[in-house]
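These notes concern the structure reproduced below.
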Protein chains: 2
Amino acid sequence: MAKVLPAAPFEGANENLAATTAPQDVSREDAATFDVLRKMREDILCCVLKPDQKLKFGELRQRYDTSVGTLREALSHLVSEGLARTESGRGFQVSPISLADFLDLSELRVYLETKTLADAIRHGTDAWEAEIVSSYFLLSKLGAPKQDDPLSVKQEWGKRHKRYHDALVATCRSPWSLHYRSELFDQARRYHWLTMIHSRLHRRNEHLEIRDAVLARDSDLACSLLEQHIRTTVEQAVADVPGLIRGNARVLKPGKRRKS
Amino acid sequence: MAKVLPAAPFEGANENLAATTAPQDVSREDAATFDVLRKMREDILCCVLKPDQKLKFGELRQRYDTSVGTLREALSHLVSEGLARTESGRGFQVSPISLADFLDLSELRVYLETKTLADAIRHGTDAWEAEIVSSYFLLSKLGAPKQDDPLSVKQEWGKRHKRYHDALVATCRSPWSLHYRSELFDQARRYHWLTMIHSRLHRRNEHLEIRDAVLARDSDLACSLLEQHIRTTVEQAVADVPGLIRGNARVLKPGKRRKS
DNA sequence: ATTGTCGAAAGTTTCGAAAATCTGGTTTAC
DNA sequence: GTAAACCAGATTTTCGAAACTTTCGACAAT
């Protein structure tokens, strides 16, 4: 009988660096389609395209200056990522948001982020530490954006925030975990955006605390802090974002209007 | 200060049944594009389209009798799911497979499937139990396919196998967990297929054991059995599939040939 | 023998127009 | 008065051809 593998966590699961099969992180491609995809994703994440909004080809074609086919391909991608939905025959729309979804999302994030972070710490390298220090520096230099900061500042902060969190887990050996973690992080960004717009609450410097725990290779503390970090954000959103609790948030503008 | 949510696992995360935002399970759509997508996914999962194979539009157009645009959209979906890859300017290809990937995949599956199953058991209903009984019955009626069973039998078994495993976790309250679980399950199907082709090993009736543990609502036992189920499959593949261990498996046919 | 350049062939990407489908308002039948 | 049938306008879906990129082999130069 083959007793090649022990019952405990697979030996070699983390040793083997060979070719990974996990889904591509589409962002590094540079064809026209991917440009449109990138822009559109960013617009959804920043609620420029609002939750539940109908995505009409006419408007989009104008906005992104491209053809129907290209749009269709990009939209198709967004559906797979969960940022848009489609029903055959009646086009596309931005995915709705809801408290239930945010809670679900966040719980799974805690589950995955901690696993990923623990593994990253276990396999950390000098370069990894350097990128954490560097990305934290860039993040802290900007400071948490306030309600009336211009859009561009908020977007820049969003980028640096993601870069920092990506850096933390970069040395995790599981491509699949990394991939799903990243998708969930993006999903959460939509909710963070709402929080950023509405909240003025003060928070401790959680990113600093996490950074130091990680650099000290204190896995338990780091995971615990990261967990709190995620949970606090949920609390903050629940407390500060009006409309998120009762039914779908319609935070920006009413989604429908009707003629007189 | 808002103390709306406790620090422990979110209250209400599992209570709230409201609109979910998790990615659509694309399978229930019925437009032409989705037909092509379904067929193509099935072909990749069953290694009719082999790992690493170049996916040329000319051939595909003929095989699925459709236009380039439609194909492109379907392929785009498959890339998001991790079943295909693309590099700008040089088309699409079926994702490679490797031992490292299978190990990674399986480890994450254990992590997610057990969490999902535990939650499903916690919220099980009569209808849930009924579907488990029914889908198990259909699965057992077919028996594990052997090396020289015809393709159609293997495919039918694949369908019933998936239906059974889906049934187990159907009442899990976390749409996101369910979605990722399902994607990972499909990924694993590619490897199962190889095992099915090459192996004659006998296995205990693990599906029956799991079914009974689940119906008895013995969460710990059920999760443990499910974990073993996944791990045993890995062992079997490592033992029986030639070529999986050393580098990428090229199990079906050489991918390249050259003229004299 | 190796390297470099050019051009033809194969393949991919993008586009806009034709066909199919949906939406909402108006008419018609009961 | 209600509901079914119908029509026109708007929108989505599908398609094949034009534009562009990459690949490959032949030929010339080193």
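Lettering of chains follows the sequences in order, A, B, ..., and the numbering in each one begins at 1. Note: hydrogens, waters and symmetry copies are ignored here, and every other heavy atom, side chains too, is used. Everything quoted here is computed from the prediction, not taken from an experiment.
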Enumerate the protein-to-nucleotides 14-17 of chain D contacts in which both atoms are nitrogen or oxygen and the separation is below 3.5 Å.
from: D/dT14; atom 1: OP1; to: B/Ala32; atom 2: N; distance (Å): 3.0
from: D/dT14; atom 1: OP2; to: B/Thr33; atom 2: OG1; distance (Å): 2.6
from: D/dC15; atom 1: OP2; to: B/Thr66; atom 2: OG1; distance (Å): 3.2
from: D/dC15; atom 1: OP2; to: B/Thr70; atom 2: OG1; distance (Å): 3.4

Is a donor from one side chain sitting under 3.5 angstrom from an acceptor on the other, for A/Trp176 and B/Asp101? yes
Round to the nearest Å and state the distance from B/Arg90 atom CZ to C/dT12 atom C1'. 12 Å
Measure all distances between protein nitrogen or oxygen atoms and nitrogen or oxygen atoms of nucleotides 5-10 of chain D, and list the pairs falling under 3.5 Å.
none

Looking at residues at least two apart in the chain, or sitting in another chain, which of them share a ring pair (Phe, Tyr, Trp, His ring centres under 6.0 Å) with B/Tyr64? none
Atom CG of A/Leu71 and atom C1' of D/dT11: how far apart are they, to the nearest Å? 14 Å
Rounded to whole Å, CD of A/Glu87 lies from P of D/dT13 at a distance of 11 Å
Point-to-point distance, once rounded to the nearest 0.5 Å, from CG of B/Leu194 to CZ of B/Arg189: 13.0 Å
Would you say the side chain of B/His165 lies within less than 4.5 Å of the side chain of B/Arg181, judging by non-hydrogen atoms? yes
A/Ser80 and B/His77: side-chain donor and acceptor closer than 3.5 Å? yes
Return a table of donor-acceptor pairs under 3.5 angstrom between the side chains of residues 53-60 of chain B and protein atoms on other chains or two or more places apart.
from: B/Gln53; atom 1: OE1; to: B/Lys50; atom 2: N; distance (Å): 2.8

Of B/Phe57 and A/Gly89, whose nearest nucleotide on DNA chain C comes first from the 5' end? B/Phe57
With A/Arg160, which residues qualify under salt bridge (charged side-chain N to carboxylate O under 4.0 Å, His left out), at least two apart? A/Glu156
Checking all strands, does A/Leu55 fall into the base, sugar-phosphate, or nothing category for heavy-atom contacts under 4.0 angstrom? sugar-phosphate
Once salt bridge (charged side-chain N to carboxylate O under 4.0 Å, His left out) is applied, do any residues pair with A/Arg61, and if so which ones, sequence neighbours excluded? none
C/dT13 C1' sits how many Å from B/Leu60 CG, rounded? 15 Å
Does A/Lys54 place a side-chain N or O at less than 4.0 Å from the phosphate oxygens OP1/OP2 of D/dT12? yes
